[in-house]
Amino acid sequence: MKALVVNCGSSSVKYTLFEMENEKKIAWGLIECIGLPEAFYKRETVKNKETKESVKVANHTEAVELIINELLDKKKGIISDVSEIDVVGHRVAHGGDKFSKSVLVTGKVKEELKDCFSIAPLHNPAHYAGIVAVEKMLPGIPSVLVFDTAFHQTIPDYAYMYALPYDFYERDHIRKYGFHGTSNDYISHRAAVLLNQPLNTLKLITAHLGNGSSITAIENGRAIDTSMGFTPLQGVIMGTRCGDIDPAIIAYLIDQYPEYKDAKTLNDLMNKKSGLAGVSELSADMRDILKAVSGGNKKVQLAFNMLVYSIKKYVSAYYGVLNGADALIFTAGIGENSAPVREAVCKNLNALGIELDVEKNKERSREERFISTSNSKVKIIVIPTNEELMIARESRRVIGNNK
Ligand code: AMP
């Protein structure tokens, strides 16, 4: 059985083709800058090394056509007929409160997804375009939607509500949704295997730290709180996102500056110009930040300290909310690769029973690994995330096909 995982961004299509018998990737790649002269196509298969070239693609339909035709190509391809693909799994950023689990695509589901455009205006229309493009290229092959928000639908109302007048919730569905759900689903299942305990007995705190970052409290396999909110802006400080700020700052900016009168400018400020990049005035990338910290740059040091402190606060809060924790898990680009961030986050959390083995933490590896001391009450684990595989597994589960 083969599963094709598709992730359509506003101007990109990423894909991975899995052979589900052994859960191995057999082809993967992306087309970026769709509709722009600088559009390019990067891909690799188990048969062919990575290649990258400029392409002309006007829209998502043309991008999906190009990808599927190449998968079928006699020389470069990896499948001989589209019928070898049993299911297509689409990553969807925001399912609002309409979708609490993965679903098979039907006409009704597509209409419901359209209802979620307004809460994810950058992502959901692109996902929709991708779904339609795949249907056109692969008629008759089932498609499944896997939502980044679904994992968090178990969060209780007192944690997901904002204390605005109630009708904003009823009318506009303004509430916390949470993101990185597929990643949390994957790493929490892996943690149970590594800890050799059933997931439904575990208290976990996950730190998904990448370009976007979120901390999640998971009790017995169910999310009970997460740091991201109505959008992926809330929570810890990120590469270019400010995370938690006093919301009155927005009213102040609108009041004081003519240029901050519209939603787009304010959204750009908070989502694209803030965070590590905004404070350091240097970079959104943790690798640049770490280099500049060792060079003694004060603003960069401040940005690093702020990011670490914001993560520490959520980890500590969720320890309290869970009334203890079995494990703290680090994942994603920074969580998996940045020993200095993990060390700074775990420093002085021994009151909570979180004790890092500093030497183990420094060992470079791409594998799942424990980095806590043998005495640490809370195990600290690095687990490389694998959202694509989780989407492939979910898609297989939804179509009820385990061949
Ligand atoms: P992601 O969104 O999960 O792809 O994570 C991307 C982020 O991971 C980048 O912005 C980098 O800051 C960070 N990252 C990747 N590799 C490293 C590394 N070796 N050390 C520190 N940070 C890294």
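Every number for a ligand or one of its atoms is a count from 1 in the order of the listing.
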Counting only heavy atoms not in N323 (residues, nucleotides, ligands), do more than 12 fall under 6.0 Å from its CG? no

Answer yes or no: are there more than 12 heavy-atom neighbours, outside F40 itself, under 6.0 Å from its atom CZ? yes

Residue list, ring-ring contact (aromatic ring centres under 6.0 Å, His included) with Y318, at least two apart or on another chain: Y314

Is the ring centre of Y177 less than 6.0 Å from the ring centre of Y160? no

I'd like to know if E111 pairs up with K114 as an ion pair, taking the criterion as any Lys NZ or Arg NE/NH1/NH2 lying under 4.0 Å from an Asp or Glu carboxylate oxygen. yes

Between E23 and R393, does any NZ, NE, NH1 or NH2 come within less than 4.0 Å of an OD or OE carboxylate oxygen? yes

For ligand 1, list the protein residues that place a heavy atom within a distance below 4.0 Å of one of its atoms, sorted by chain and number. G210, N211, D285, M286, R287, A332, G333, I334, N337, S338

